[in-house]
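As the structure lists them, so they are numbered: ligands from 1, and atoms in each ligand from 1. What you see is a predicted model, and the numbers here were worked out from it, not measured in a lab.
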Amino acid sequence: MTQTEEMLSELALAAAAAEGRLAAADSLEAVTAAEREVLGRRSVMAEAKKSLGGLDPDRRRDAGRAVNQVRERLEAAAGRARARLAEAARAARYESERLDLTERLNPIRRGRLHLVTQARDRLEDVFVGMGFTVVEGPEVETAWYNFEALNIPEWHPARGEFDTIFVNLGQPEEVMLRSHTSPVQIRTMEARRPPIYVVAPGRTFRADTADATHLPAFSQIEGLVVDRGITMGDLAGTIDEFVKAFFGGEVKSRLRPSYFPFTEPSAEFDISRPDGSWLELGGCGMVHPQVLSNCGIDPEEWQGFAFGFGIDRLAVMRYGLDDIRELVNNDVRFLRQF
Ligand code: PHE
């Protein structure tokens, strides 16, 4: 074997080994190192090139071509290794920046409106369907709106019956959590001229201990009509209509004589239960002339009726609960049924 042949076969061996390392290289540094080893200064390749100088022209051309082919092959192999590493780096970056937008396949549990909210919404719908509009008033009231303007002066025994929760503001017993929605009657008549057809739902408060039929914080809905020629018959008819619309045809209503300082005459109204007994729902009556005057409405020209009843009680009745406290226990297993 001539010296050149020997040198060329050594080159081929070194190139094959370098190609193997390039194919396996796992970093850019490894690629460069493998490349430098065969192609760099003082490499087998550099030695081979140097030795070409001593050959005669014909052999030099053939040997030179062989050396060039080896170089080209190695350069191509290094190029492929670099491309492969760049691709892997890009894939790794995409993976780390990936957002998971996969759709959820397990069903999402939906929340729902509380039983009392559902009852309140339904009541509003029924009354709106009868031509009423919905108004609201504040939950913290003054003695004027909660009592005085409603014909309950300070000395009146009815004040005691309300078990009012007072707020420590102003004069003693001057500011309170409203004990009924009737103050919204006053606010409405102060703000609007008749004819008035409104309902006012909202929360009310009394210093009651919770039991199966009472809650210290409960909800009422107030109704107020002021127009010309309004009679007790309009009141009875309105209550009957609403009960039918809310419960369906089977439930009946009745009025029983009663007393409220702000209505005259006054009544309490009951609804019939499936077992034939009656459930007391609320109070009502013809708006007292003094109350109309308190709001600057002439009782000679205008008459009205008003009613107010508990929304929670209605929900208890409609959904057949046996304890009103179920409404505020916040037991999701209970609430989820409705
Ligand atoms: N506000 C009364 C109560 O809470 C109910 C009522 C309202 C009575 C309207 C008559 C007229 O007991």
Only distances under 3.5 Å count here; give the side-chain donor-acceptor pairs of residues 175-182 to other protein atoms, sequence neighbours excluded, each with its distance to 0.1 Å.
unit_1, atom_1, unit_2, atom_2, d
Arg178, NE, Arg203, O, 2.7
Arg178, NH1, Gly137, O, 3.2
Arg178, NH1, Pro138, O, 3.3
Arg178, NH2, Arg203, O, 3.1
Ser179, OG, Asn146, ND2, 2.9
His180, ND1, Ser182, OG, 3.4
His180, NE2, Asn146, O, 3.0
Thr181, OG1, Gln220, OE1, 3.2
Thr181, OG1, Glu222, OE1, 2.7
Ser182, OG, Glu222, OE1, 3.4
Ser182, OG, Glu222, OE2, 2.7

Which pairs of donor and acceptor atoms, one on a side chain in residues 58-66, lie under 3.5 Å apart (sequence neighbours left out)?
unit_1, atom_1, unit_2, atom_2, d
Arg60, NH2, Leu55, O, 3.4

Would you be so kind as to tabulate the donor-acceptor pairs closer than 3.5 Å made by side chains of residues 148-155, with sequence neighbours excluded?
unit_1, atom_1, unit_2, atom_2, d
Glu148, OE2, Arg159, NH2, 2.5
Asn151, ND2, Pro261, O, 3.0

Distance dump, ligand 1 polar atoms to protein, N/O, under 3.5 Å:
unit_1, atom_1, unit_2, atom_2, d
ligand 1, 1 (N), His180, ND1, 2.9
ligand 1, 1 (N), Ser182, OG, 2.9
ligand 1, 4 (O), Arg206, NH2, 3.0
ligand 1, 4 (O), Gln220, NE2, 3.0

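Arg192 pairs with exactly one of Thr133, Val226, Ile297 by the side-chain contact (heavy atoms from CB on, under 4.5 Å) rule, that one being Thr133.
A side-chain donor from one of Tyr145 and Glu190 sits under 3.5 Å from a side-chain acceptor of the other.
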**OP:** Decide ring-ring contact (aromatic ring centres under 6.0 Å, His included) for Phe307 and Phe127; before the verdict, give the C-alpha distance in whole Å, the side-chain angles of both, and the deciding distance to 0.1 Å.
**Re:** CA-CA 13 Å; Phe307 57 83; Phe127 282 112; 5.5 Å; yes
